[in-house]
Number of protein chains: 2
Amino acid sequence: MSRISEPSVRRLSHYYRVLEEVAAEGKRMISSHLLAEREGITSAQVRKDLSSFGSFGRRGLGYHVEHLRDEIRALLGLDRRWRACVVGAGHIGAALLGYRGFADQGFDLVAVFDADADRIGRTLEGRVVRPVSQLSAKDGFEIGVIATPVRAAQEVADALVAAGVQGILNFAPRKLRVPDSVTLRAVDMTMEFESLSYALTHARAGRLSAGRVRRRPPRGRPRA
Amino acid sequence: MSRISEPSVRRLSHYYRVLEEVAAEGKRMISSHLLAEREGITSAQVRKDLSSFGSFGRRGLGYHVEHLRDEIRALLGLDRRWRACVVGAGHIGAALLGYRGFADQGFDLVAVFDADADRIGRTLEGRVVRPVSQLSAKDGFEIGVIATPVRAAQEVADALVAAGVQGILNFAPRKLRVPDSVTLRAVDMTMEFESLSYALTHARAGRLSAGRVRRRPPRGRPRA
DNA sequence: TTTTGTGAACGTGTTCACAGCG
DNA sequence: CGCTGTGAACACGTTCACAAAA
């Protein structure tokens with residue numbers, strides 16, 4: 001297990017979901033081809049990804065569903081719980097706090113902060129909104145989620161770093177600067193809309209890059 | 001302007017934002033180096049990206065801020081308005097409908113649909129929630145946004161396609177199947193959390209791929 | 001001199017194709 | 001035979017480095 005590419009890690013998340021589904025269906029083994037099919041990628045890609053982490057499959061048989069699922073869960077760090085806080089008690093903050101799926105995956109959004117005096121003290125999805133000035137290391141947050149307006153985002157990022165978070169998930173449409181020791185991920189909805197707009201605008205002019213269409217492999221046996 | 005890569009289009013969105021800021025600051029010209037600095041990429045990348053769309057710069061001077069901004073706006077298809085609808089009147093739907101930024105970029109979220117009888121008829125961010133069964137081609141939606149629970153996502157995607165949308169933005173954490181003629185983009189918050197979790201889990205073991213750190217170019221003149 | 005535009009070099013991720021094992 | 005694991009080939013995106021233009 002040497003250097004793992006980021007796209008590979010993202011695919012791991014997908015494999016994990018498929019495996020959860022397949023496990024629920026009661027299947028015991030799954031082939032790289034079947035795993036790939038649900039994902040829209042090639043079976044070679046699946047095998048490459050998995051083999052870069054270890055030898056999880058059995059030649060001639062495929063992968064043991066539950067075993068592989070557990071291995072991936074551990075690889076992704078989902079076999080533990082993460083303490084996270086949300087900064088920004090607006091619409092997005094509320095949406096995040098209200099979504100049960102995160103807790104199911106081990107992400108506990110245990111606190112909400114906001115700078116707006118009108119919001120402080122009110123309850124949002126069961127958590128009392130605290131003033132952002134109270135953000136400190138003694139709460140032991142490992143992850144900070146930024147759900148503020150753009151103008152506040154960098155300032156909040158700095159505060160989160162000062163509070164000792166190891167990772168930040170940023171929902172504000174702005175590139176943030178954080179020290180190398182802090183991991184940053186961004187969800188940029190505005191950019192996604194714009195990327196869609198670009199694709200639609202250029203779609204009829206020859207289907208340029210309008211959608212990352214991925215051909216399924218020919219599926220027949222290799223010629224010659 | 002031949003084949004444009006998707007990463008290149010996404011960077012275009014960033015350039016656009018920087019140019020809006022810089023234009024507001026009253027600057028007339030900007031160099032590829034300055035554009036790159038705000039973005040954390042190399043100036044060569046900026047020039048490559050821009051030159052793949054046309055010759056917008058002037059050697060020795062840089063790029064004219066307002067002109068380049070307008071060119072990119074047109075390239076991204078932001079010089080027009082898009083009719084979009086949101087399916088799913090839950091937290092995420094509400095967050096999207098409540099965010100003014102989309103309208104500012106030309107995306108009009110003109111309607112909300114939901115399958116839940118309790119929600120239908122209620123008002124959400126100024127729009128009356130309509131039954132998802134009413135979704136039809138006569139509303140002329142160009143873009144459909146899926147903000148439903150996972151289990152409903154594929155069904156809703158099919159309905160949107162039937163209603164004639166050209167593009168779909170999916171917020172449900174599930175791979176969707178749509179015809180090639182429809183462009184699909186996905187915002188997967190769950191995956192983003194998991195990617196963060198992976199990075200944090202493996203961070204101390206040698207800083208593998210924990211954060212896509214991009215070095216600024218050496219900045220000195222080329223040696224030799 | 002400054003800074004763009006771009007072919008060439010490079011690096012990285014994906015696909016192929018087959019050896020190896022069950 | 002079926003299917004994984006993997007080196008080799010390939011495709012693609014990024015960076016370099018320099019000629020051309022202002």
Side-chain angles (χ1 to χ4, degrees), chain A residues 1-12 14-15 27-37 39-65 67-68 71 208-209 212-224, chain B residues 1-12 14-15 27-37 39-65 67-68 71 208-209 212-224:
Chain A
M1 173 181 164
S2 49
R3 193 67 35 82
I4 307 300
S5 73
E6 218 214 89
S8 178
V9 173
R10 307 178 80 80
R11 283 192 297 268
L12 229 47
H14 276 124
Y15 302 150
K27 280 198 68 170
R28 250 194 150 45
M29 304 294 288
I30 190 169
S31 68
S32 61
H33 182 78
L34 229 59
L35 250 175
E37 196 168 60
E39 238 299 298
I41 60 178
T42 69
S43 59
Q45 182 75 79
V46 173
R47 294 197 300 278
K48 255 275 146 85
D49 283 341
L50 296 178
S51 75
S52 73
F53 291 104
S55 266
F56 300 128
R58 313 259 280 235
R59 296 176 198 233
L61 295 170
Y63 301 87
H64 185 78
V65 174
H67 176 245
L68 183 57
E71 289 285 354
L208 303 181
S209 59
R212 191 172 281 265
V213 183
R214 217 171 259 289
R215 282 171 302 300
R216 211 179 314 291
R219 184 70 209 109
R221 57 207 64 268
R223 50 262 193 256
Chain B
M1 172 180 165
S2 48
R3 193 68 36 83
I4 307 300
S5 74
E6 219 216 88
S8 178
V9 173
R10 307 178 79 81
R11 283 192 297 268
L12 229 48
H14 276 123
Y15 302 151
K27 278 197 67 169
R28 256 206 142 39
M29 304 294 289
I30 189 169
S31 68
S32 60
H33 183 76
L34 229 60
L35 249 176
E37 196 168 60
E39 239 298 299
I41 60 180
T42 68
S43 59
Q45 182 73 79
V46 173
R47 294 198 300 278
K48 254 278 147 83
D49 284 339
L50 296 179
S51 75
S52 73
F53 290 104
S55 266
F56 300 127
R58 312 259 283 232
R59 295 173 198 237
L61 295 171
Y63 301 88
H64 184 79
V65 174
H67 176 244
L68 183 57
E71 289 285 354
L208 303 180
S209 59
R212 192 173 279 266
V213 183
R214 217 171 259 289
R215 281 171 303 299
R216 212 181 315 291
R219 187 67 210 111
R221 57 206 65 266
R223 53 265 192 247

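These values consider heavy atoms only, across backbone and side chains, with no hydrogens, waters or symmetry-generated copies. Chain letters run A, B, ... following the sequence lines, proteins first and then strands; every chain starts at 1.
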Whole Å only: how far is the CZ atom of B:R47 from the P atom of D:dT15?
12 Å

Below 4.0 angstrom from OP1 or OP2 of D:dG5, is there any side-chain N or O of A:S55?
yes

Tell me, which pairs form a salt bridge (Lys or Arg N to Asp or Glu O under 4.0 Å) where one or both residues lie in residues 48-57 of chain B, sequence neighbours left out?
B:R11-B:D49

Minimum-distance nucleotide (side-chain atoms of A:P7 versus D:dC3, D:dT15, C:dG13):
C:dG13

Heavy-atom nearest pair, B:Y63 first then B:F56, reads CD2-C, 3.7 Å

Length of the line joining A:I41:CD1 and C:dT14:P, which is rounded to integer Å
9 Å

If you check the B:Q45 side chain, which of D:dT4, D:dT15, C:dG13 turns out closest?
D:dT15

Rounded distance (Å) that lies between atom C1' of C:dG5 and atom CG of B:D49:
13 Å

Test salt bridge (charged side-chain N to carboxylate O under 4.0 Å, His left out) applied to B:R58 - qualifying residues, sequence neighbours left out
none

Send over the distance from A:M29 CE to D:dT4 C1', rounded to a whole Å.
11 Å

Nearest whole Å is fine: how far is D:dT14 C1' from B:E39 CD?
15 Å

Tabulate atom names and distances for all N/O pairs under 3.5 angstrom spanning the protein and nucleotides 8-12 of chain C.
unit_1, atom_1, unit_2, atom_2, d
C:dA8, N6, B:K48, NZ, 3.3

Residue-phosphate contact under 4.0 Å: A:S31 side-chain N/O, D:dC3 OP1/OP2
no

To the nearest angstrom, the NE2-C1' distance between B:H33 and D:dT15 comes to 15 Å

Just the rounded figure in Å: distance from P of D:dG5 to CZ of A:F56.
9 Å

Under the criterion side chain to side chain contact (heavy atoms under 4.5 Å, CB included), I'd like the reasoning laid out for A:I4 against A:L12: C-alpha separation, chi angles, the key distance, then a yes or no.
CA-CA 11 Å; A:I4 307 300; A:L12 229 47; over 6 Å; no

Distances for protein N/O vs nucleotides 19-22 of chain C N/O pairs under 3.5 angstrom?
unit_1, atom_1, unit_2, atom_2, d
C:dG20, N3, A:R59, NH1, 3.1
C:dG22, O4', A:R59, O, 3.3

It should be established whether A:S32 places a side-chain nitrogen or oxygen under 4.0 Å from OP1 or OP2 of nucleotide D:dT4.
yes

Minimum-distance pair of heavy atoms, taken over all atoms of B:S32 and B:S43:
OG-CB, 3.7 Å

Steps toward side chain to side chain contact (heavy atoms under 4.5 Å, CB included) verdict (B:L34, B:K27):
CA-CA 12 Å; B:L34 229 60; B:K27 278 197 67 169; 3.2 Å; yes

Can you name the residues that form a side chain to side chain donor-acceptor pair (under 3.5 Å) with A:H67, not counting sequence neighbours?
A:E71

Short side-chain N/O contact to D:dA22 OP1/OP2 from B:Y63, under 4.0 Å:
no

Could you tell me the separation between the CZ atom of B:R11 and the P atom of D:dC12, rounded to a whole number of Å?
16 Å

Given side chain to side chain contact (heavy atoms under 4.5 Å, CB included), test A:Y15 with A:I30 step by step and report yes or no.
CA-CA 11 Å; A:Y15 302 150; A:I30 190 169; over 6 Å; no

For B:R10, which residues count as a salt bridge (charged side-chain N to carboxylate O under 4.0 Å, His left out) partner, sequence neighbours excluded?
A:E192, B:E6

